[in-house]
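Have a look at the structure below before the remarks.
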Amino acid sequence: MVRDLRDVPLSTGEALIGGPTAVTVDLVETFRSALPWMLLALGGAMLVLLTIGFRSIVLPLKAIVMAAISIGASYGVLTWVFQDGHGARLLGFDAPGFIETTTPMIMMAILFELSMDYEVFMLSRMREEWLKTGDNTLLVPATMRLLGRWNWWFPGRAGPAVRRSPEPVQAPARPAHASDSVPGG
C-alpha cells in the first residue's frame, strides 16, 4: 500500500508517506540495493586476503562457498523457527510469523566474518603441516583430502609448491665412559 500511495500522481504539491510501515519499506529497499555491494565487499576482501595469506586460489574460494552454505543453513533455521514457528513452544516463545528486517543483513555480516575467522585459524595450522610434510592426510575438513595438492594451487607456478623442512640433524652418539655413571669419577 505504501508503494501504491507513493505512485499516485498529484496535481500540485508533494505528499510524504511516513509511519512504521513506510520506514520498513524504505529500509528493505535500502538493504536490497546495498546487499550485492556488501556481499561483493565481504567476499572480495576475504578472497584477496586469504589468497595473499595462503598463496592459493582454491582455498579462499572453498572458504567463501562454505561460509555461504553455512549462512544459508542459518537463514533456513531462522525462518523455520521464528517465522514458521517450529519449536516455538519448546523454546518458550510465540513465533511472530516474520523476521525483523535488519536481522538477515546483520546476521550475514557476523556469520560470514566468524566463519572466515575460523577458516583462517584452521587453514593456518593446515598450511604449517602442508609446508612441513607436503601431505594432506589427517588434515580436515574432507575437502582438503579430496582436493589434495590442488588446495595449494596458485597461478604462475607449475604446480602446488611444497617447501619441506630440512631433516633434523642428529648429534653424534657419544661413547659411554665409565666416568659417566660414577658420581665424581
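Basis for what follows: all heavy atoms, side chains included, without hydrogens, waters or symmetry-related copies.
Annotation: salt bridge (Lys or Arg N to Asp or Glu O under 4.0 Å) contacts involving residues 75-95, sequence neighbours excluded, are absent. Screening residues 19-30 for side-chain hydrogen bond (donor to acceptor under 3.5 Å, both in side chains) gives Arg3-Glu29, Arg6-Asp26, Glu29-Arg32 as the qualifying pairs, with residues at least two apart or on separate chains. Sorted by first and then second residue, the pairs that involve residues 69-95 and meet ring-ring contact (aromatic ring centres under 6.0 Å, His included), not counting sequence neighbours, are Trp80-His86, Phe82-Phe93. The side-chain hydrogen bond (donor to acceptor under 3.5 Å, both in side chains) pairs that include a residue from residues 95-107 number zero, where partners must be two or more places apart or lie in different chains.
In terms of heavy-atom proximity, Gly85 sits nearest to Ala95 at CA-CB, 3.3 Å.
A continuous path of ILVMFWY side-chain contacts below 4.5 Å connects Met105 to Leu27, so both sit in one hydrophobic cluster. Grouping the Ile, Leu, Val, Met, Phe, Trp and Tyr side chains by contacts below 4.5 angstrom, directly or via other members, places Met66 apart from Leu111. In the hydrophobic clustering of this structure, Ile71 groups with Ile99; members are Ile, Leu, Val, Met, Phe, Trp, Tyr whose side-chain heavy atoms approach within less than 4.5 Å, directly or through other members. Under the 4.5 Å side-chain heavy-atom criterion for grouping Ile, Leu, Val, Met, Phe, Trp and Tyr, Leu35 is connected to Phe31 within one hydrophobic cluster. Cluster annotation: Leu131 and Leu50 are assigned to the same hydrophobic cluster (Ile/Leu/Val/Met/Phe/Trp/Tyr, side-chain heavy-atom contacts under 4.5 Å, transitive).
A search for side-chain contact (heavy atoms from CB on, under 4.5 Å) contacts involving Leu42 returns Met38, Phe112, Glu113, not counting sequence neighbours. Applying the side-chain contact (heavy atoms from CB on, under 4.5 Å) test to Leu5 and every residue at least two apart in sequence or in another chain returns Met1, Ile17. Remark: Leu47 pairs with Thr51, Pro60, Leu61, Ile64 by the side-chain contact (heavy atoms from CB on, under 4.5 Å) rule, at least two apart or across chains.
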Check against side-chain contact (heavy atoms from CB on, under 4.5 Å), Met108 and Leu39 = CA-CA 9 Å; Met108 181 187 335; Leu39 291 173; 2.9 Å; yes
Stepwise side-chain contact (heavy atoms from CB on, under 4.5 Å) test for Leu49 and Met116 | CA-CA 11 Å; Leu49 292 173; Met116 284 295 118; over 6 Å; no
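You'll find the side chain of Ile57 reaches within 4.5 Å of the side chain of Pro155, heavy atoms only.
The cationic group of Arg127 does not satisfy the cation-pi geometry with Phe54, failing either the under 6.0 Å distance to the six-membered ring centre or the 45° limit from the ring axis.
Clustering of Ile, Leu, Val, Met, Phe, Trp and Tyr side chains at separations under 4.5 Å places Ile52 together with Val48. Taking a 4.5 Å side-chain heavy-atom cut-off between Ile, Leu, Val, Met, Phe, Trp and Tyr, the cluster of Leu40 extends to Trp37. Using a 4.5 Å cut-off between side-chain heavy atoms of Ile, Leu, Val, Met, Phe, Trp and Tyr, Phe98 forms no hydrophobic cluster with any other residue.
More than 12 heavy atoms of other residues, nucleotides or ligands shown are found within 6.0 angstrom of CE on Met107.
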